[in-house]
Amino acid sequence: MSNNTKDSELPHVAFIGLGAMGWHMASHLPKVCKTVKVWNRNFEKAQQHAQSFGTIAVNLQEAVQADIIFSCLPTSADVENLIARVSLKAGSIWVDCTSGIPSSACRLAEKLKKLNIDYLDAPVSGQTIGAENGTLTVMLAGHYDACLRAKPFIQAFADLIEYVGESGSGFAVKAVNNSLMAVNLWAAAEGLSILKAQQVDLAAALNCINHSSGRSGMSETIVAQRILNGAFDRSFALNLLQKDMGIAIDLMRRSQLELQVLQTTHACYDLIKTTDAASMDFSAAIQRLEQDTGYKLRF
Ligand code: NDP
């Protein structure tokens, strides 16, 4: 963007949904645009955000008048309900960072296109620490030109922005990614259960695994940071992971595939009731395995 661009010509940006992820993601936007408006259902959070990061807390109708509107809500249903409540501005781009449902992305892209608005599915990965550091991975999908226009703003909180295809493809990649994460975490915990039963020191075993071919992103981070220390700090709610796995299983069925590992792992995480899962970190699902085996995985 040229230095000669007048402030009045700069795109106005808004962020909707200041939760565990959105709070940090929106905090980076003032680096790339002068005016960042924020809205949150619990409005006090928006006011706190404005105080902390120099954003502007506004009502929902004002937020959706921005040129680029980001959202990061729990589910596609939340985004669809919210969009149904507001009047949008022609020519804007809606960048939905929710981990959502591919068919919802197609429906919203079609609906908003009639209003001359581009809807992009842009789910993110990298946990709250990635959001805080501005190093997220973004799986971007939808109209290609709109993706190019939105990219400089997404860059504020991302290290990798990958264009993955037409509407819905971003949500599909995210659902599969999180299912792989769930498989890796459960598999690592099962392996460590065997080692615990064999009275092997778990810290030493994990160190070997993390320098060997059995390692994964989960064994390298979450296993030590949330399970072996017994912390289970809530950062990514278990019910949200259950939702992501459900989306992947639904895509699997629509693709007429029967995939054993994904289905079995989904069933393991689904043993915990959604109502309980909302207040638990996803890592706490491993406590269910610990109950079944009788072995607690701790340092
Ligand atoms: P949180 O539960 O922490 O935050 C949810 C946000 O959405 C809050 O701002 C909440 O507002 C708002 N909200 C909830 N329901 C509604 C509604 N019906 N209408 C309007 N606003 C609503 O979730 P996360 O930030 O953890 O997750 C957001 C999305 O990002 C999810 O799709 C998740 O799967 C995905 N994700 C999460 C990661 C993580 O590590 N946490 C990592 C990568 C992706 P209020 O404050 O009023 O409750």
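In each ligand, atom 1 is the first atom listed, and ligand 1 is the first ligand listed. Start at 1 with the first residue, then count along the sequence.
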Visitor: Ligand 1 and Arg234, any nitrogen or oxygen pair closer than 3.5 angstrom?
Guide: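 No, Arg234 has no N/O under 3.5 Å of an N/O on ligand 1.
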Visitor: Tell me the contacting part of Asn40 for ligand 1: side chain, backbone, both, or neither, using a 4.0 Å heavy-atom threshold, strictly below.
Guide: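 Under 4.0 Å from ligand 1, Asn40 contributes side-chain atoms alone.
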Visitor: For Thr75 and ligand 1, does the shortest N/O to N/O distance drop below 3.5 Å?
Guide: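 Checking ligand 1 against Thr75, no N or O pair falls under 3.5 Å apart.
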Visitor: What's the shortest distance from atom 4 (O) of ligand 1 to any protein heavy atom, and which residue and atom give it?
Guide: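 Of the protein heavy atoms, Gly19 CA, 3.2 Å lies nearest.
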Visitor: Would you tell me which option among Val124, Ile16, Asn239 has the nearest heavy-atom contact to atom 44 (C) of ligand 1?
Guide: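 Nearest option to atom 44 (C) of ligand 1, by heavy atoms: Val124.
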Visitor: Give yes or no for whether the N/O distance cutoff of 3.5 Å, strictly under, is met between Lys243 and ligand 1.
Guide: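 Yes: some nitrogen or oxygen of Lys243 is under 3.5 Å from one in ligand 1.
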Visitor: Show the atoms of ligand 1 that are less than 4.0 angstrom away from any heavy atom in Lys174.
Guide: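 Contacts of ligand 1 toward Lys174, numbered from 1: 43 (C), 44 (C).
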Visitor: Any side-chain heavy-atom pair from Asp281 and Asp233 closer than 4.5 angstrom?
Guide: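 A side-chain contact under 4.5 Å is absent here.
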Visitor: For salt bridge (charged side-chain N to carboxylate O under 4.0 Å, His left out), just list the numbers for Asp121 and Lys174, CA-CA rounded to whole Å, side-chain angles, deciding distance to a tenth of an Å, and then say yes or no.
Guide: CA-CA 10 Å; Asp121 44 318; Lys174 173 66 187 174; over 6 Å; no
Visitor: For Ala90, is there any backbone N or O sitting under 3.5 Å from a side-chain donor or acceptor partner on Asn116?
Guide: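 Not at all, since once roles are kept as given, no pair shorter than 3.5 Å links the two residues.
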Visitor: Looking only at protein heavy atoms, which one is nearest to atom 12 (C) of ligand 1, and how far off is it?
Guide: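 Heavy-atom neighbour on the protein nearest atom 12 (C) of ligand 1: Leu73 CD2, 3.8 Å.
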Visitor: Among Pro74, Gly126, Ala20, which one puts a heavy atom closest to atom 13 (N) of ligand 1?
Guide: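 Answer by nearest heavy atom: Pro74.
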Visitor: Starting from atom 17 (C) of ligand 1, what is the nearest protein heavy atom, named by residue and atom, and what distance separates them?
Guide: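 The protein heavy atom lying closest is Arg41 NH1, 3.7 Å.
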Visitor: Have Asn239 and Lys243 got a donor and an acceptor in their side chains that come within less than 3.5 Å?
Guide: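 Asn239 vs Lys243: no donor-acceptor pair found between side chains.
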Visitor: To which of Thr128, Leu240, Asp281 does the heavy atom nearest atom 27 (O) of ligand 1 belong?
Guide: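 Shortest heavy-atom distance from atom 27 (O) of ligand 1: Leu240.
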Visitor: Hey, looking at atom 39 (C) of ligand 1, which of Phe15, Phe236, Phe171 has the closest heavy atom?
Guide: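 Answer by nearest heavy atom: Phe236.
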Visitor: Strictly distance-based, threshold 3.5 Å: is any side-chain N or O of Asn81 a donor or acceptor partner for the main-chain N or O of Ala77?
Guide: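 Flag set: sc Asn81 to bb Ala77 pair under 3.5 Å.
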Visitor: Sequence neighbours excluded, which residues qualify as salt bridge (Lys or Arg N to Asp or Glu O under 4.0 Å) partners of Glu290?
Guide: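 With sequence neighbours excluded, Glu290 shows a salt bridge (Lys or Arg N to Asp or Glu O under 4.0 Å) to Arg298, given in chain and number order.
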Visitor: Is the NZ atom of Lys31 crowded by more than 12 outside heavy atoms at less than 6.0 Å?
Guide: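 Counting other residues, nucleotides and ligands, NZ of Lys31 exceeds 12 neighbours.
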Visitor: Give the atoms of ligand 1, by number and element, whose distance to some non-hydrogen atom of Ser235 is under 4.0 Å.
Guide: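 Reading through ligand 1 atom by atom, the close ones are 39 (C), 40 (O), 41 (N).
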Visitor: Which residue supplies the protein heavy atom nearest to atom 35 (C) of ligand 1, what is that atom called, and how far is it?
Guide: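 Nearest neighbour among protein heavy atoms for atom 35 (C) of ligand 1, to 0.1 Å: Ser99 OG, 3.4 Å.
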Visitor: List the closest protein heavy-atom neighbour of atom 46 (O) of ligand 1: residue, atom name, distance to the nearest 0.1 Å.
Guide: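 Scanning the protein heavy atoms, the shortest distance from atom 46 (O) of ligand 1 goes to Lys45 NZ, 2.7 Å.
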Visitor: Does Phe299 CZ have over 12 foreign heavy atoms under 6.0 Å away?
Guide: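 Yes, CZ of Phe299 has more than 12 neighbouring heavy atoms, counting only those of other groups under 6.0 Å.
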Visitor: Tell me the protein heavy atom at minimum distance from atom 30 (O) of ligand 1, and give that distance in Å.
Guide: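 Answer for atom 30 (O) of ligand 1: Cys72 SG, 3.6 Å.
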Visitor: In terms of ring plane angle, is the pair Phe70 and Phe15 parallel, tilted or perpendicular, where the classes change at 30° and 60°?
Guide: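 Rings of Phe70 and Phe15: parallel, under 30°.
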Visitor: Ligand 1 and Thr98, any nitrogen or oxygen pair closer than 3.5 angstrom?
Guide: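 It does not: no N or O of Thr98 is found under 3.5 Å from an N or O of ligand 1.
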Visitor: Under the side-chain contact (heavy atoms from CB on, under 4.5 Å) criterion, do Met21 and Thr128 qualify, and how do the steps go?
Guide: CA-CA 6 Å; Met21 294 299 284; Thr128 50; 4.0 Å; yes
Visitor: Does Gln225 offer a backbone N or O that forms a donor-acceptor pair with the side chain of Asn229 under 3.5 Å?
Guide: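 Yes; judged by distance alone, with no hydrogens or angles, the pair exists.
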Visitor: Give a yes or no on whether atom 2 (O) of ligand 1 lies under 4.0 Å from any heavy atom of the protein.
Guide: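 Not a single protein heavy atom is under 4.0 Å away.
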Visitor: Got a sec, which residues hit side chain to side chain donor-acceptor pair (under 3.5 Å) with Lys89, two or more places apart in sequence or on another chain?
Guide: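 Testing Lys89 for side chain to side chain donor-acceptor pair (under 3.5 Å), a comparison that skips the adjacent residues, returns Asp67.
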Visitor: At a 4.0 Å threshold, what atoms of ligand 1 neighbour a non-hydrogen atom of Gln127?
Guide: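 Counting from 1, the qualifying ligand atoms are 40 (O).
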Visitor: How far apart are the closest heavy atoms of Asn178 and Leu241, and which atoms are they?
Guide: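 Looks like O-CD1, 3.6 Å.
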Visitor: Could you check which of Asn81, Leu82, Asp78 puts a non-hydrogen atom nearest to atom 20 (C) of ligand 1?
Guide: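 Closest candidate by heavy-atom distance is Leu82.
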Visitor: Just which atoms of ligand 1 are under 4.0 Å from any heavy atom in Gly17?
Guide: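 Numbered from 1, ligand 1 contributes 9 (O).
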Visitor: To which protein heavy atom is atom 37 (C) of ligand 1 closest, and what is the distance rounded to 0.1 Å?
Guide: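 Minimum-distance protein heavy atom for atom 37 (C) of ligand 1 reads Met21 CG, 3.4 Å.
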Visitor: Would you find a donor on one side and an acceptor on the other, under 3.5 Å apart, between the side chain of His28 and the backbone of Glu132?
Guide: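 Yes; judged by distance alone, with no hydrogens or angles, the pair exists.
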Visitor: Any N or O on Asn42 sitting closer than 3.5 Å to an N or O of ligand 1?
Guide: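 The answer is yes, given that Asn42 and ligand 1 share an N or O pair closer than 3.5 Å.
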